[in-house]
Amino acid sequence: QVQLVESGGGLVQPGGSLRLSCAASGRTFSPYSMGWFRQAPGKEREFVAAIGWSGTITMYADSVKGRFTISRDSAKNTMYLQMNSLKPEDTAVYYCASRVVNVIARNAANYDYWGQGTQVTVSS
């Protein structure tokens with residue numbers, strides 16, 4: 001079993017920045033890809049970004065491209081999401097997820113393990 005724990009969420013003003021972290025522990029099967037998803041109230045969970053084991057292959061949702069950066073330190077089993085130029089519409093619970101294979105994906109159904117989520121609120 002793999003445990004994922006997110007941290008770094010909070011309240012930020014529009015235009016501000018936050019950095020989310022996701023620490024993986026347990027029976028991690030390397031190499032494996034990881035991703036970030038988010039879910040706003042009343043909406044379905046949506047893809048944000050994904051990253052491969054080496055960190056060189058990444059994929060982003062159009063809504064965050066150019067503002068968010070996904071990265072990881074595979075030696076530490078930790079993934080990050082640097083969020084800049086935040087907008088009110090970025091407000092959501094952010095979840096990290098991992099797969100048991102090293103193939104990036106944007107479909108939540110492809111992910112095997114999930115964290116409990118961290119709240120990000122963008123408001124003045």
Side-chain angles (χ1 to χ4, degrees):
Q1 191 73 4
V2 175
Q3 293 80 43
L4 302 174
V5 179
E6 304 96 336
S7 61
L11 173 64
V12 63
Q13 293 187 342
S17 299
L18 278 176
R19 188 193 196 204
L20 305 183
S21 298
C22 173
S25 62
R27 296 185 62 190
T28 56
F29 297 90
S30 60
Y32 57 94
S33 63
M34 300 185 75
W36 287 99
F37 291 77
R38 66 186 182 186
Q39 187 167 18
K43 295 187 177 181
E44 293 186 353
R45 189 169 299 189
E46 66 173 357
F47 170 76
V48 175
I51 189 167
W53 174 256
S54 67
T56 58
I57 299 176
T58 59
M59 179 167 58
Y60 294 92
D62 288 343
S63 59
V64 306
K65 202 172 294 184
R67 299 187 299 122
F68 290 11
T69 301
I70 189 172
S71 62
R72 70 188 294 177
D73 184 339
S74 293
K76 296 182 179 180
N77 286 328
T78 303
M79 176 179 65
Y80 307 96
L81 186 67
Q82 178 66 44
M83 305 185 295
N84 298 328
S85 302
L86 282 161
K87 305 175 181 180
E89 50 263 44
D90 294 317
T91 295
V93 176
Y94 283 70
Y95 298 90
C96 73
S98 68
R99 305 190 68 189
V100 296
V101 294
N102 188 28
V103 178
I104 60 173
R106 62 174 63 235
N107 190 332
N110 292 130
Y111 287 79
D112 304 284
Y113 301 101
W114 292 84
Q116 82 291 347
T118 185
Q119 177 70 47
V120 172
T121 302
V122 185
S123 175
S124 55

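Each residue takes its place number in the sequence, starting with 1.
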Query raised in the report: Of all residues at least two apart in sequence or in a different chain, which pass the side chain to side chain donor-acceptor pair (under 3.5 Å) check with S123?
Result: none

Query - Common cluster, V101/M59, ILVMFWY with side-chain heavy-atom separation under 4.5 Å - result: no

Query - From L81 atom CG to T69 atom OG1, the distance as rounded to the nearest 0.5 Å - result: 8.0 Å

Report summary line: Closest heavy-atom pair, N84 versus S17, reported as atoms and distance to 0.1 Å, is OD1-OG, 2.9 Å

Query raised in the report: Sub-3.5 Å donor-acceptor pair from the side chain of R106 to the main-chain atoms of A50, do we have one?
Result: no

Query raised in the report: With the 4.5 Å side-chain cut-off for hydrophobic clustering, are V103 and Y60 part of the same group?
Result: yes

Requested in this report: Before giving the answer on ring pair (Phe, Tyr, Trp, His ring centres under 6.0 Å), spell out for Y95 and W36 the whole-Å C-alpha distance, their side-chain angles and the decisive distance to 0.1 Å.
Outcome: CA-CA 6 Å; Y95 298 90; W36 287 99; 9.5 Å; no

**Report entry** Closest heavy-atom pair and its distance - M79, I70
**Finding:** SD-CD1, 3.9 Å

Requested in this report: Give the cluster check for Y94 versus I104: same hydrophobic cluster or not, with ILVMFWY residues linked at side-chain heavy-atom distances below 4.5 Å.
Outcome: no

Query - Closest contact, heavy atoms only, A40 versus A92 - result: N-CB, 3.8 Å

Query raised in the report: Would T91 and Q119 satisfy side chain to side chain contact (heavy atoms under 4.5 Å, CB included), going step by step from the backbone distance to the final call?
Result: CA-CA 8 Å; T91 295; Q119 177 70 47; 4.0 Å; yes

Query raised in the report: For F37, does its backbone N or O pair with a side-chain atom of R45 as donor and acceptor, under 3.5 Å?
Result: no

**Report entry** Heavy-atom pair of closest approach, residues S71 and I51
**Finding:** CA-CD1, 3.5 Å

Requested in this report: Answer yes or no: does atom CG of L11 have more than 12 heavy-atom neighbours from other residues, nucleotides or ligands under 6.0 Å?
Outcome: yes

Report task. Report yes if some heavy atom in the side chain of Y32 is under 4.5 Å from a heavy atom in the side chain of V100; otherwise report no. Result -> no

Query raised in the report: Can you tell me how far CD of Q82 sits from CG of L18, rounded to the nearest 0.5 angstrom?
Result: 8.5 Å

Report task. Check whether any side-chain N or O of T56 sits under 3.5 Å from a backbone N or O of S54 as a donor-acceptor pair, and report yes or no. Result -> no

Query - CG on D73 to OH on Y80, rounded to 0.5 Å - result: 5.5 Å

Query - Note, V64 side chain near R38 side chain (heavy atom, < 4.5 Å) - result: yes

**Report entry** Residue pair E6 / L20, side-chain heavy-atom distance below 4.5 Å
**Finding:** no

Query - Gap separating the CZ atom of R19 from the CE atom of M83, nearest 0.5 angstrom - result: 11.5 Å

**Report entry** Other residues, nucleotides, ligands: >12 heavy atoms within 6.0 Å of E44 CD
**Finding:** no

**Report entry** Donor-acceptor contact present, side-chain N102 to main-chain W53, <3.5 Å
**Finding:** yes

Requested in this report: Look up atom CZ in R72 and atom OG in S33, then write down how far apart they are to the nearest 0.5 Å.
Outcome: 7.5 Å

Requested in this report: Could you tell me whether K87 and D90 have a side-chain N and a carboxylate O separated by less than 4.0 Å?
Outcome: no

Requested in this report: Working to the nearest 0.5 Å, report the span between CZ of F47 and CG of N110.
Outcome: 11.0 Å

Report task. Kindly give the heavy-atom pair with the smallest separation between A108 and W114, and that separation in Å. Result -> O-CZ2, 3.5 Å

Query - L86 side chain reached by F68 side chain, heavy atoms, under 4.5 Å - result: yes

Query - Min side-chain heavy-atom separation L4-M34 under 4.5 Å - result: yes

Query raised in the report: Short question: side chain of S85, backbone of R67 - any donor-acceptor pair under 3.5 Å?
Result: no

**Report entry** N/O donor-acceptor pair under 3.5 Å between Y111 side chain and C96 backbone
**Finding:** no

